[in-house]
Q: 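Questions regarding the structure given below will be posed in turn.
Numbering of ligands and ligand atoms starts at 1, following listing order.
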Amino acid sequence: MRKPKQSQKEIWRSFWSSGIFAVGGFIFYLLFEKGYTAVYTDVSEMGIAYLVVSFFLIMFLHETYYYWLHRWIHKPGIYEKVHLTHHDSIITSVWTSFSFHPIESFLQVVFIPVIIIFVPAHIVVVMALLFIMTVSATINHLDIEIYPRNFHKNFIGKWLIGATHHSLHHTEFITNYGLYFTFWDKWMNTESKNFEPVFEKLTAKVDE
Ligand SMILES: [Zn+2]
Ligand SMILES: [Zn+2]
């Protein structure tokens with residue numbers, strides 16, 4: 001059961017986060033315009049192979065940054081100041097996706113302007129990453145599992161975070177810290193032991 005007025009609070013917090021994300025976007029634009037970034041617009045400059053590699057490289061770097069940032073903001077003393085706002089939502093909804101304290105919004109958005117200074121990325125790769133970031137944040141906070149039965153066991157699905165995985169982070173607090181992928185949680189043994197049974201229960205066919 002969601003707390004009373006939870007959605008209103010989340011929408012208000014998301015409003016401020018959106019403002020901070022927009023400032024991040026503006027800074028990205030200024031850096032790009034002035035030629036301070038490694039962003040390029042001609043695919044032939046680096047080739048198709050690099051385009052694909054750079055996409056996965058930045059996803060991996062983002063996952064690594066977020067996982068360890070997330071572990072850090074769960075530390076007592078930091079948690080209350082920075083991350084408690086997001087965890088105010090124990091049962092999540094789409095509105096929780098961007099419901100952050102302004103400091104957390106800043107720590108999240110800062111990754112993009114910094115990474116594109118150092119890692120050459122085609123503009124389409126940058127746009128694709130921003131799109132995936134937004135869509136995956138929404139899927140992960142749905143609190144409704146959209147992946148099919150046994151998805152968590154298949155070659156791709158076992159590495160992807162979805163609604164059940166991230167909902168467990170909001171109810172258990174000390175498990176499932178990942179952003180897009182499960183590998184850091186698996187490597188650091190922070191993946192919830194309840195994930196598989198809960199996922200299987202939620203995706204089981206009703207008539208079986
Ligand atoms: Zn957290
Ligand atoms: Zn969350």
Q: How many N, O or S atoms of the protein are nearer than 2.8 Å to the Zn ion (ligand 2)?
A: 4
Q: Excluding sequence neighbours, so at least two apart, what forms side-chain hydrogen bond (donor to acceptor under 3.5 Å, both in side chains) with Thr134?
A: none
Q: Taking the side chain as everything from C-beta on, heavy atoms only, tell me whether Glu191 gets closer than 4.5 Å to Asn176.
A: yes
Q: Does His122 use its side chain to pair, donor to acceptor, with the backbone of Leu51 at less than 3.5 Å?
A: no
Q: Could you tell me if His169 and His86 have a donor-acceptor pair between their side chains, going purely by distance under 3.5 Å?
A: no
Q: Is a side-chain N or O of His170 found less than 3.5 angstrom from the main chain of Ser89, in a donor-acceptor match?
A: yes
Q: Going by atom types alone, do Glu200 and His152 pair a side-chain donor with an acceptor below 3.5 Å?
A: yes
Q: Quick check: of its N, O or S atoms, which one does His74 have closest to the Zn ion (ligand 1)?
A: NE2
Q: For the Zn ion (ligand 1), which N, O or S atom of His83 is at the shortest distance?
A: NE2
Q: For Lys81 and Gly77, indicate whether the former's side chain and the latter's backbone hold a donor-acceptor pair under 3.5 Å.
A: yes
